[in-house]
Amino acid sequence: MKAIKIAGLLLTLLTVGGCGRIASPGDLLHAPNLANEEQSLYRAVQPFLPAGYQLTTPDQSDQGSAIRLADLDGDGQEELIVSYKKPDTDYEINILILSKQDGSWKKADQITGSGINLDYLGIKPLTDSTSSDLLLGYEGGGVGLPKELHVYAYVKGKMRSVYQSSYDQIAVGDLMGDGLNQIALVPPIDDSDNSRSRIEIIGSRQGKLTPLSNSRTDGSVLNIRIGRASAKQNGLFAQVLGTTRSGYSVLLAWKDGAFGNILSLPPNSYNQRSYRKHLALGAPDHDSDLSATDDKWWIDYPVDSRDVDGDGILEVVLPNPIPMVSSDSASPKLWTESYYRWDGERSMTFVEDHFWQWGYDLRIPARWTGRYQIVPPTNASDQESNELRFVYLPPSTEEESSSTGGDAVIKQVHNQGQQADEQAPLLTLRQVPTAQWSQLQSALDNRASSYVVLGGEGTGTPLSGNSSMVTLALLPDGRSNLQGEQAAQYAELLLTAAEVRTLSGVDRAEEEEAESDVEKH
Amino acid sequence: MLKSIRGRLLLQIGLLLLTIILLLEAVFAAAVSTYYFDSARQIVQSRAVTAATLSNQFMEGYTLNQRARYILENLVPGESSRVEVLDLQGRTVVDSYGFSSSRRTRTPDVQVAQQGGVGSYSGYSNAFKQRIMAVSSPLVSYGEVIGTLRFSVSTEPLYQEVTKLIGWSIGIGAAMLLLGFALSLIIAQRIVGPIKELTAISRKMATGDFTAKAVRKHDDEVGLLTDSLNHMNEELSKSEKMKNDFISTVSHELRTPLTSIKGWGETLVVGGLDDEETTMLGLNVITGETNRLIGLVEDLLDFSKYQAGEIRMRSVPVDLNNLLSQLDLQYSMASNKRGVVLLTKLSDVPLPMHADLNRLKQVFVNLIDNAIKFSDPNGEIRMIAARKDLEVHVCVQDDGEGIPAEDLERIGQRFYKGSSKMSGSGLGLAISKEIVRLHGGRLKVESEYGVGTTVTVTLPLAVDDSAEKAEAEAAGQ
């Protein structure tokens with residue numbers, strides 16, 4: 001009995017001693033420690049910030065951190081720049097600059113700007129290639145209200161305002177190739193009745209920031225950005241939505257000692273666009289009024305330029321209507337987006353064709369050019385699943401005579417529309433609800449022909465907005481009623497599943513997984 | 001070890017305890033880790049989903065950068081998770097410390113969130129060099145995923161806590177195991193101790209030490225064993241005593257006739273054979289005493305045969321009345337020295353039975369002799385036979401000194417002679433009892449001290465046809 005008492009005592013001791021300190025899961029949670037450098041920076045700024053501060057980040061920036069390191073004065077020693085808001089003042093943005101002196105961070109200067117948010121923060125060399133200037137764009141609040149750009153130079157440990165302007169859109173980059181950056185602004189429209197906006201380029205002239213160029217347009221400017229335009233130089237890309245035709249793309253570049261619009265496309269070049277060949281450009285348009293000439297890179301809808309082939313050079317988009325089987329004029333036009341790269345001189349090189357459907361970006365293989373047409377989606381007949389087919393377009397005897405332009409090709413397609421169903425399929429895109437997918441999958445697995453899941457099944461590209469649908473690319477079985485030369489040509493056009501994966505970018509997403517800079521499980 | 005009760009007990013209790021404790025430990029460990037990790041995930045998930053839902057509801061149409069900024073500026077003070085806004089490529093737009101990064105995060109939770117679901121992940125993070133748990137929720141604008149809101153926490157404290165708790169439980173389990181061992185040792189001691197004592201005592205007894213006595217300590221099985229051991233010891237000592245008594249009695253019985261034989265022999269040798277009368281008397285005495293010795297030895301032989309079960313009854317159909325009337329005749333004709341008279345009352349009805357008449361005669365002779373021996377001189381003894389259903393009761397009564405009550409119980413046991421100083425081997429009654437038993441009957445001794453003794457022999461009657469036939473014939477005549 002004594003032993004039992006002792007045991008009881010022991011148990012009580014254990015319970016009281018060991019389990020009295022049990023922590024609840026919620027108490028134990030804390031953020032994982034930061035990577036070393038970030039942690040030391042985060043710690044370093046704490047003493048200089050007021051109680052209740054909120055870190056804030058710019059909408060646009062070359063680097064989106066609220067705490068960042070940059071060498072402002074070019075002495076090889078980096079300064080620490082922190083953007084934050086105070087809890088008690090709504091219309092105040094604070095920028096704190098810390099410099100390292102004798103191994104510890106000291107407050108160098110503080111800029112307090114008025115605005116509700118930081119629209120832009122950039123640290124770029126503007127007047128001197130050895131030191132950087134701080135560009136701050138304050139947002140006044142509300143869409144359409146002008147924003148304020150302040151440029152500061154860091155001189156002798158203090159920030160000095162060197163330029164100031166209001167703007168609507170901003171892009172900063174090295175346009176002139178001299179190691180300095182220029183600022184491209186779309187100033188706010190002063191007169192609300194007149195929606196013509198300008199593109200202003202501000203750069204250094206004799207050590208002072210002054211406007212270098214001013215291009216007037218006849219519409220509103222969209223998507224300005226500075227990027228690599230050719231192998232040799234940068235350019236300013238933008239689209240202008242005009243009042244007359246749909247709109248046009250602009251590429252402003254430093255050419256022959258002045259800024260000019262490279263994309264002056266003569267009409268006969270423009271009409272060659274359906275052949276996906278190189279397009280010859282006219283002389284750069286140096287006129288300060290961009291609307292003065294009609295030689296333009298006309299676009300039917302605004303598409304931002306992008307680096308489609310991954311060579312670091314931005315390609316300009318030219319929407320091209322796709323030959324369609326249906327003669328029904330009510331059905332919406334489908335477009336391919338043809339990407340062209342500037343060669344630096346007077347020519348635009350065709351890069352590739354892209355086709356967008358259901359959020360998927362499908363590259364059209366080069367060998368298909370002029371040899372296919374599309375059976376558009378027929379939503380009415382089948383609500384559950386959408387289908388879009390690429391079919392073989394046999395070469396026509398009229399082809400030579402239709403060399404006048406793309407419209408002729410379309411006309412010719414219309415003539416053949418009636419036979420669409422008998423035509424040989426090249427590729428079918430189909431979108432089915434996820435609920436039907438598993439059923440369909442087993443049916444497809446039993447069939448001889450292969451298919452590629454583009455997305456929606458959990459492996460898809462993040463571009464898919466509608467996650468309840470599965471998108472498929474179905475490959476034909478290769479049989480057709482074609483004869484002779486046409487059959488041979490058709491066989492050449494057929495794709496393999498691997499090709500479809502490459503064209504649709506599915507495998508690119510997988511490749512990215514292998515990158516070393518990716519945190520994976 | 002396994003040859004002792006203690007070893008088996010320890011092993012069995014130990015195994016049982018170990019199994020139970022291991023089972024409980026496993027259940028406990030599973031429950032604790034599930035509780036900690038599930039709760040933590042739920043906490044993080046509810047925060048992530050709430051934050052993402054708020055952002056999705058009130059910031060539709062804003063760019064990811066603007067939403068990231070809003071989330072950063074409106075973090076709950078003392079937010080315990082690391083909050084990250086990731087773009088579609090998994091790059092950190094901004095985290096809760098204000099940093100952005102081009103390092104890409106593509107853990108499964110982020111991938112699920114990019115598909116529009118809420119994903120969770122736990123595993124080792126190379127970036128933080130520790131195990132983390134992360135929950136990602138999609139940031140949606142106009143039905144399209146534009147980025148991911150990711151809440152991550154370090155799971156190291158959870159692992160530590162769970163490890164600590166499991167450690168404690170293992171400690172408690174080990175303590176329980178030790179305690180169980182100690183308790184079973186005590187229990188084993190309690191069982192084995194008395195048994196060892198008994199073993200020692202029984203060993204002592206085996207060596208012939210009948211003074212050894214086991215002490216009954218507990219009222220249990222061992223107590224019972226103690227009792228029966230003590231009882232056995234008593235019986236052993238009794239039979240030992242009886243043996244000794246017997247030897248002395250037999251020696252005495254043998255010596256008495258031998259003494260008189262020796263006396264007469266010497267007298268004859270010394271006195272010569274002149275006086276024929278005296279010589280004849282002496283020879284008669286020697287012969288008589290020799291007969292007594294022979295009878296004594298025969299009794300002993302008989303008895304040992306009965307004991308060994310070697311005697312077999314040669315049963316033949318007889319009428320007991322014949323035997324009884326023969327005895328009556330024998331004793332009435334040759335009246336004995338003490339002048340005791342035998343009165344016989346026989347049954348009118350025949351007493352048919354299967355029996356060995358010689359043996360039965362031995363029984364009745366013994367009984368009658370005893371009765372004569374213990375009767376007063378010139379007294380009378382009665383022999384009464386009566387049939388009762390299928391049994392016959394034959395009583396031999398005397399009016400002698402009787403048997404004291406304390407002896408009565410043991411009368412008939414071999415070598416027991418009672419307290420009287422009468423001569424005899426003490427075997428007669430035991431042999432008689434054995435013979436009666438072999439005939440399927442019983443022998444009962446009733447006595448009142450100072451009044452007399454009645455010995456009743458009850459024998460079963462045969463219902464054989466021959467007897468009935470004889471009866472029927474007699475009736476027919």
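Residue numbering restarts at 1 for every chain, and letters A, B, ... go by the order of the sequence lines.
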Report task. Evaluate whether atom CD of B:E221 has more than 12 neighbouring non-hydrogen atoms of other residues, nucleotides or ligands under 6.0 angstrom away. Result -> no
Query raised in the report: Does any heavy atom of chain A fall under 4.5 Å from the side chain of B:S81, the backbone, both, or neither of them?
Result: backbone
**Report entry** Pairs of heavy atoms under 4.5 Å with chain A: top-ranked of B:V110, B:V140, B:L158
**Finding:** B:L158
Requested in this report: Sort out for me which of A:S65, A:P58, A:A66, A:S83 touches chain B most, counting heavy-atom pairs under 4.5 Å.
Outcome: A:S65
Query raised in the report: Which bit of B:V94 comes within less than 4.5 Å of chain A, counting heavy atoms only: side chain, backbone, both or neither?
Result: side chain
Report task. Kindly give the heavy-atom pair with the smallest separation between A:L118 and B:R69, and that separation in Å. Result -> O-NH1, 2.8 Å
Query raised in the report: How about residues 48-56 of chain A versus chain B: which residues have heavy atoms under 4.5 Å apart?
Result: A:Q54, A:L55, A:T56
**Report entry** Interatomic spacing from CG in A:L29 to OG in B:S152 - rounded to 0.5 Å
**Finding:** 11.0 Å
Report task. Enter the distance from A:E38:CD to B:D95:CG here, rounded to the nearest 0.5 Å. Result -> 6.0 Å
Query raised in the report: Among A:D59, A:L28, A:T57, which residue forms the greatest number of heavy-atom pairs with chain B at distances under 4.5 Å?
Result: A:D59
Query - Residues from residues 14-34 of chain B approaching chain A under 4.5 Å (heavy atoms) - result: none
Report task. Give, for atom CG of B:L72 and atom OH of A:Y84, the distance between the pair rounded to the nearest 0.5 Å. Result -> 14.5 Å
Query - Residue A:Y91 excluded, over 12 heavy atoms near OH under 6.0 Å - result: no
Query - Nearest atoms (heavy-atom pairs only) where B:Y97 meets A:I67 - result: O-CD1, 3.5 Å
Query raised in the report: What's the verdict on side-chain contact (heavy atoms from CB on, under 4.5 Å) for B:Y70 and A:N117, showing C-alpha distance, side-chain angles and the deciding distance?
Result: CA-CA 10 Å; B:Y70 186 82; A:N117 277 320; over 6 Å; no
